[in-house]
Amino acid sequence: MHVPDGFLDATTSAGTAVLAAGTVAVALRGARAELDERTAPLAGLTAAFVFAVQMMNFPVGAGTSGHLMGGALAAALVGPWTAVLSVTCVLVVQALLFADGGLTALGTNVVLIGAVTVAVGYLCTRLATALAPRSRAALLAGSGIGAFLSVPVAALAFVGLFAVGGAVDVPLGAMAATMTGVHLLIGLGEAAITVAVLGAVLAVRPDLVHAARRLRGTATLADRPATAVGGAR
Amino acid sequence: MGAGHGGALGAAYVAADTPAHRLPAHLKLLAVLAFAVVVVATPVHAGWAPAAYGGYLVLVLAAAAVARVRPGRLVRGLVVEIPFVVFALLLPVVARGPRVEVGGLSLSESGLAAAGGLLAKATLAVLAATVLAATTEPRALVRGLERLRLPSALTQILMFMIRYVDVVGGELRRMRVARESRGFRGRGPGALRVLAATAGALFVRSYERGERVHLAMLARGYTGRVPTGPGAAVAPREWLAALSLPVAAAAVLAAGMLVG
């Protein structure tokens with residue numbers, strides 16, 4: 001769910017655009033530390049993965065299905081900076097090619113969906129791995145809690161922006177309560193999908209999961225062999 | 001996915017040869033962005049705002065006509081707005097201020113004006129962006145962003161994403177065919193586990209593909225930059241054509257402020 005043009009006034013949109021540009025600049029620097037000069041191909045492919053996985057429908061119980069937003073999942077899989085870049089690129093493509101999310105609201109969407117969800121997801125995962133560094137269950141629980149919280153926190157951030165730059169005088173308490181209620185439910189779905197997908201990747205390739213770098217010591221896997229030779233298709 | 005020749009992303013593009021298609025992508029990006037800024041800057045509560053929205057609508061429909069974007073395509077572009085239409089419809093119910101009775105419901109006047117304004121602005125901007133997507137190929141858009149001085153690291157990521165999104169999507173489609181030919185039905189709690197394994201495998205394959213692409217690029221002399229060469233010079237006539245949309249919109253806005 002992306003913010004379209006016109007929901008926030010021009011000043012607020014400009015403010016979030018500056019904030020988004022700063023975040024992306026820091027992320028570009030940070031991603032170089034995570035991926036060195038492999039940033040462009042790997043972040044590009046991660047963005048393509050996030051884009052494709054957002055189109056999948058997952059059954060999340062009680063006869064409902066949901067789709068992933070993916071900020072928290074990407075943060076756990078590839079690290080926070082690369083995740084911010086990947087989600088930002090997904091948002092740019094959605095805004096430019098599908099008019100999904102306004103052009104003047106692109107900064108708002110990058111801040112809300114790119115930065116806030118990734119930050120909440122990463123912080124929760126990081127906290128869990130700091131408390132129990134060698135536990136796979138703690139990693140999954142942390143990323144699940146992060147994914148669950150990331151959705152209502154992003155919604156609350158939107159309410160905050162709407163309070164500053166929205167054109168209507170709405171009772172903020174009621175709006176915040178409604179938005180949080182709805183997004184807590186969406187967050188449950190996000191958490192279920194995030195934990196399931198992360199668990200699936202951890203089962204086959206724990207070495208690829210950025211948040212699981214500390215787990216590697218206990219795994220009975222050999223170090224990763226040199227990447228297979230083969231032409232890119 | 002896989003709609004038409006261009007795949008998931010190319011589906012937005014409508015091939016044709018019109019003045020709008022021929023304009024350089026970075027000019028079109030600037031024009032649509034400036035148009036959206038003018039639309040957003042229109043005060044919602046002004047009495048002349050509806051007239052201004054009408055003026056913008058005429059302008060964006062004229063641009064669509066020049067670009068020969070069919071009405072059906074424009075309407076399909078509007079589908080993305082639906083979640084926020086729900087949000088906007090709630091505003092008159094919850095907003096404060098003087099209230100009016102409409103069909104037995106007590107609605108807020110300022111909420112009604114704001115909801116109408118939000119919907120009008122969002123719709124106008126979506127229409128303009130739809131015309132942009134219909135007249136510009138995804139790769140040209142990224143080139144346009146590059147010419148607008150976006151950091152090259154970011155445009156490279158975008159370029160890779162656009163190049164490989166169809167490959168990744170195709171991988172997902174093949175996994176679905178494989179799943180369903182083994183009798184998978186996709187219901188119940190067990191399905192989440194299966195679909196999560198699919199998404200997990202998709203991530204592993206995407207990431208490994210990224211590593212292979214990187215090695216292949218190194219073998220071809222990649223140094224961290226993708227040479228694109230200088231962009232073609234832009235004729236003043238093209239600037240004029242591209243900027244006619246936002247300038248006309250700004251004229252509508254200025255007229256509203258002066259008269260209203």
Side-chain angles (χ1 to χ4, degrees), chain A residues 1 4-7 9-10 13 24-25 28 37-49 51-53 55-56 58-61 77 85 89 92-93 95-100 102-104 167-171 174-175 192-193 196-197 199-201 204-205 208 227-228 230-233, chain B residues 9 12 32-33 36-37 39-41 44 77 80-81 83-84 91 94-97 110-111 114 117-118 121-122 125-126 129-130 133 138 141 151 153 156-158 160-161 164-165 168-169 172 187 189 191-193 195-197 199-200 202-204 206-207 209-216 224:
Chain A
M1 195 145 101
D5 284 307
F7 266 67
D9 62 21
S13 298
V24 169
L28 279 172
E37 91 288 353
R38 300 177 304 158
T39 300
L42 284 181
L45 265 295
T46 306
F49 161 75
F51 185 83
V53 118
M55 292 188 177
M56 285 177 80
F58 292 86
V60 288
L77 285 176
L85 291 182
C89 286
V92 169
V93 164
L96 288 181
L97 293 178
F98 300 99
D100 191 2
L103 277 184
T104 60
V168 215
D169 181 24
V170 288
M175 185 177 168
I193 304 169
V197 175
V201 179
V204 287
R205 288 295 299 273
L208 286 191
T227 316
R233 272 179 291 162
Chain B
L9 296 186
V32 171
L33 182 63
V37 168
V39 170
V40 170
V44 179
V80 295
E81 262 195 318
F84 269 89
L91 280 181
V94 297
R96 284 183 286 227
S110 74
L118 293 190
K121 288 178 177 187
V126 168
T130 305
L141 276 176
Q156 275 190 48
I157 299 174
L158 275 170
F160 276 106
M161 179 194 167
Y164 284 97
V165 84
V168 173
L172 197 58
R187 287 196 204 94
L192 176 61
R193 208 171 48 81
L195 289 174
L202 187 71
F203 170 72
V204 172
S206 306
Y207 198 89
R209 188 185 296 281
E211 289 177 331
R212 291 200 303 277
V213 168
H214 175 242
L215 289 180

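These values consider heavy atoms only, across backbone and side chains, with no hydrogens, waters or symmetry-generated copies.
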(request) Answer with side chain, backbone, both or neither: which region of B/L202 has an atom nearer than 4.5 Å to a non-hydrogen atom of chain A? (result) both
(message) Any non-hydrogen side-chain atom of B/P138 less than 4.5 Å from a side-chain atom of A/L97?
(response) yes
(message) If we define contacts as heavy-atom pairs under 4.5 Å, which of A/A196, A/G102, A/A25 has the most with chain B?
(response) A/A196
(request) Give the minimum heavy-atom separation between A/A48 and B/M161, together with the two atoms involved. (result) N-CG, 3.8 Å
(message) With side-chain contact (heavy atoms from CB on, under 4.5 Å) as the criterion, how do B/H214 and A/L42 come out once you've worked through the C-alpha distance, each side chain's angles and the decisive distance to 0.1 Å?
(response) CA-CA 8 Å; B/H214 175 242; A/L42 284 181; 5.9 Å; no
(request) Give the minimum heavy-atom separation between B/G200 and A/A200, together with the two atoms involved. (result) CA-CB, 4.4 Å
(request) Check whether B/V39 gets within reach of chain A through its side chain, its backbone, both or neither, counting any heavy atom under 4.5 Å. (result) neither
(request) Could you have a look at A/A95, A/P4, A/A43 and say which one has the most heavy-atom pairs with chain B under 4.5 angstrom? (result) A/P4
(message) To check you understand the geometry: which heavy-atom pair defines the closest contact between B/G210 and A/P41, and what is its length?
(response) O-CB, 3.8 Å
(message) Working to the nearest 0.5 angstrom, can you tell me the gap between A/L45 CG and B/I157 CD1?
(response) 11.5 Å
(request) Against chain B, label A/A174 side chain, backbone, both or neither, depending on which of its atoms sit under 4.5 Å from a heavy atom there. (result) neither
(message) Using the side-chain contact (heavy atoms from CB on, under 4.5 Å) criterion, which residues pair with B/V40? Sequence neighbours excluded.
(response) A/D5, A/A10, A/T104
(message) Among B/A199, B/A41, B/G77, which residue has the highest count of heavy-atom pairs closer than 4.5 Å to chain A?
(response) B/A199
(request) For B/F203, enumerate each residue passing the ring pair (Phe, Tyr, Trp, His ring centres under 6.0 Å) test, keeping only those at least two apart in sequence or located in another chain. (result) A/F49, B/Y207
(message) Please classify the contact between A/L96 and chain B as side chain, backbone, both or neither, with a heavy-atom cut-off of under 4.5 Å.
(response) both
